[in-house]
Each structure stands twice: as C-alpha cells, then as structure tokens.
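All remarks here apply to the structure that follows.
Both ligands and their constituent atoms are indexed starting at 1 by order of listing. Only this structure's heavy atoms are used, side chains among them; waters, hydrogens and symmetry mates stay out.
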Amino acid sequence: MFEEIKVVAIDGPAGSGKSTVSKLVAEKLGFTYIDTGAMYRALTLKVMKKNISFSEEEKIIEAAREMDLKLLPSVANANSICVILDGEDVSGEIRKMEITGNVKYVAKIAKVRESMVKFQRRMIKGLGGAVMEGRDIGTVVLPDAKYKFYLDASFDERVQRRFMELRARAASATREDVADDLKQRDHTDKTRAVGPLKKAENAILVDTTDLSINEVIEKIVGMINDDQ
Ligand code: CDP
C-alpha cells in the first residue's frame, strides 16, 4: 500500500526512547518526522478546552473530525516539532501531565482512531520518506511499511528517563508520579480494543535499556542503509 514511499514505523511504550530516536533517525535519513502521539495529545487538549466531558464520545468524534492540526518543523528548536491546533501553537501545552493522563479517554474511541489513521496516511503522501512513531504504526497505520521497529526498555529505566526529562522541563512530578503514570499508560495502551500497543510480527525489537541514544540510532540507520 505504501511501499512506493520509504516509511519507517517506530512503535513502543513511553520512555522507550522512541521520540528522541525517531527525530534523529529522520534527520539522518533526510525523512520527515511524524509524531502521532502529538495528534492524540492535541485532540485531548481540544476536548478539554471545549469543556467536552470524556464520556461524550460523539462530541469527541466530532472534535476529531473538525480539528485543524498541523505538525511543522520547529523554528526555535531544530530537534523538535511545532504543533498548531486550530491556528494556535500548542507545542508546550500538549506535553503537560494533565494532558498525558487524559489521552487514554480519546485514544480508546474507535472512530477517533479511524480519523487519526486516515489523517496519518494522508500525511505521508507525496513525501520522499517518513519516520512515523506511535503505538499502532507498524500494526494498523502502515502495515506495509518496509522498515518497522519496536523499541522497549525495562520499566525502571523508562521511569528514570521520563523523570529526568520532566526535571529538565522543571515539571514538579515525583519519581512515584512518573512510575504510576507509566504503569497506567502501559496497561491502557496494551489492553485497548482498537489499535493497542503491540509489536508487529515483522517488526525488529530493539531493547534500549543498556544502549545510548546514538547506539540505537546507529543500529536502526545501519539496518536501513544495509538494506538499500
Ligand atoms: O511520549 P510518550 O510516549 O509519553 O507519549 P506519546 O507518544 O506522546 O503518546 C501519548 C499517548 O497517546 C499514549 O499514551 C497513547 O495512549 C496515545 N497514542 C495512541 O493511542 N496512538 C498513537 N499512535 C500514539 C499515541
């Protein structure tokens, strides 16, 4: 289906190194980086801003359909993307813990995921190459992707990474808060009926527990280059 476009699908749980690695792999290959988590986060923010209750599924589905979302390379930070929701830059707001904790309510709705998947497939049309990261990319969004990776790491290592990341952003979360959030999200992500977090059968598993970011990138880029 998408074999004419070079796509790299990268899935995995929070703290597996997925976002950092995906951005840098895209940069090395000269491909466009697409962060699908940012899309679910932006919808969660929209729902909260519109005071829609998370139990009002029809209204959430409507919000997903009418949402005007753009993911642009960030001018301020080359290593990041800028998320524009209905004309407003929400790049910082969507990373707040409050959003992180509520994404599960929108991400479990089948029709929301349908809209997101359509949007994500449309996004890669016309691109020379793309690195798309998320939870269901290798399994649902781009099942025909030529390159599929599933990144994982031990629970303790993932908590440590996320904790350091939040500290760098001066967020007030404790290590216990981070561990609770990851445990909850692992559970909801893996047990969701539609688009659960799962390694695609033909994805390459990369355990990043004892690897540096550079080692993971070299592994992934090396495999792709060897294949060309
Ligand atoms: O960076 P982190 O792993 O913390 O989260 P993210 O990739 O920004 O994704 C936030 C949440 O969105 C995840 O916990 C998933 O529940 C959801 N998500 C999803 O359902 N499907 C995707 N393709 C990407 C994210």
Side-chain angles (χ1 to χ4, degrees), residues 7-23 33-48 54 60 64 69 71 79-81 83 85 90-121 123-124 130-143 145 148-153 155 157-166 168-169 171 173 177-200 203 208 213:
V7 279
V8 184
I10 304 188
D11 291 300
S16 55
K18 202 170 28 100
S19 298
T20 314
V21 164
S22 301
K23 275 175 216 156
Y33 164 64
I34 302 174
D35 173 6
T36 62
M39 301 179 193
Y40 288 93
R41 287 173 177 275
L43 176 61
T44 307
L45 176 65
K46 184 176 171 94
V47 166
M48 290 170 74
F54 288 116
I60 299 176
L69 188 65
L71 302 184
N79 212 353
S80 170
I81 53 155
V83 182
L85 170 67
V90 295
S91 316
E93 227 177 329
I94 59 164
R95 305 286 163 198
K96 290 191 176 155
M97 286 289 273
E98 200 190 354
I99 300 289
T100 308
N102 285 331
V103 180
K104 58 177 178 284
Y105 300 114
V106 310
K108 70 171 187 188
I109 304 172
K111 285 194 173 145
V112 163
R113 300 201 73 87
E114 247 172 55
S115 299
M116 293 290 191
V117 170
K118 270 192 200 150
F119 182 61
Q120 290 154 4
R121 287 179 180 162
M123 278 185 87
I124 65 165
V131 176
M132 191 180 282
E133 63 132 319
R135 302 291 191 282
D136 56 346
I137 311 306
T139 50
V140 178
V141 184
L142 305 171
K148 293 184 188 180
F149 297 92
Y150 186 92
L151 267 50
D152 210 345
F155 184 74
E157 178 62 24
R158 293 195 288 121
V159 170
Q160 174 64 10
R161 287 177 189 166
R162 193 40 61 98
F163 179 61
M164 296 310 283
E165 230 175 273
L166 289 168
R169 278 198 272 136
D177 293 336
V178 176
D180 286 349
D181 169 63
L182 287 199
K183 198 181 273 177
Q184 251 233 21
R185 280 206 291 149
D186 281 357
H187 179 72
T188 50
D189 277 344
K190 286 179 180 170
T191 56
R192 167 169 71 221
V194 206
L197 167 63
K198 203 171 112 192
K199 179 186 160 307
T208 70
I213 290 166

Q | Sub-4.5 Å side-chain heavy-atom contact between Phe54 and Lys104 | A | no
(Q) Can you confirm whether Arg121 sits close enough to Met132 that some side-chain heavy atom of one is under 4.5 Å from a side-chain heavy atom of the other? (A) no
Which one holds for [X] and ligand 1: side chain close, backbone close, both close, or neither close, with close meaning a heavy atom under 4.0 Å?
| X | answer |
| --- | --- |
| Arg192 | side chain |
| Arg113 | side chain |
| Met39 | neither |
| Ala107 | side chain |

Q. Counting heavy atoms only, which of Arg41, Gln184, Gln120, Arg162 comes nearest to atom 6 (P) of ligand 1?
A. Arg41
Purely on distance, is any nitrogen or oxygen of [X] under 3.5 Å from one on ligand 1?
| X | result |
| --- | --- |
| Arg135 | yes |
| Asp189 | yes |
| Tyr40 | no |
| Glu133 | no |

Quick one: does [X]'s side chain have a donor or acceptor within less than 3.5 Å of a partner on [Y]'s backbone?
| X | Y | answer |
| --- | --- | --- |
| Asp189 | Leu197 | no |
| Arg192 | Lys108 | no |
| Lys199 | Tyr150 | no |
| Lys148 | Asp11 | no |

Q) Tell me: protein heavy atom nearest atom 24 (C) of ligand 1, and distance? A) Thr36 OG1, 3.4 Å
Q | Taking atom 9 (O) of ligand 1 as the reference point, the nearest protein heavy atom with its distance | A | Gly37 CA, 3.7 Å
Provide the number and element of each atom of ligand 1 under 4.0 Å from a heavy atom of [X].
| X | result |
| --- | --- |
| Asp136 | 22 (C), 23 (N) |
| Lys18 | 3 (O), 7 (O) |
| Val103 | 11 (C), 12 (O), 17 (C) |
| Gly134 | 23 (N), 24 (C) |
| Arg185 | 2 (P), 4 (O), 5 (O), 10 (C), 11 (C), 13 (C), 14 (O) |

Donor-acceptor contacts under 3.5 Å from residues 92-101 side chains, at least two apart:
unit_1, atom_1, unit_2, atom_2, d
Arg95, NH2, Asp35, OD2, 3.0
Thr100, OG1, Arg41, NH1, 3.0
Thr100, OG1, Lys96, O, 3.1

Q) Using 4.0 Å as the upper bound for N to carboxylate O, is an ion pair formed by Arg113 and Asp136? A) yes
Q: Count the heavy atoms of every other residue, nucleotide or ligand shown that sit under 6.0 Å from OH of Tyr105, and state whether that count exceeds 12.
A: no
(Q) Run the salt bridge (charged side-chain N to carboxylate O under 4.0 Å, His left out) test on Lys118 and Glu114 for me, step by step, so that the C-alpha distance in whole Å, both residues' side-chain angles and the decisive distance to 0.1 Å come before the verdict. (A) CA-CA 6 Å; Lys118 270 192 200 150; Glu114 247 172 55; 5.1 Å; no
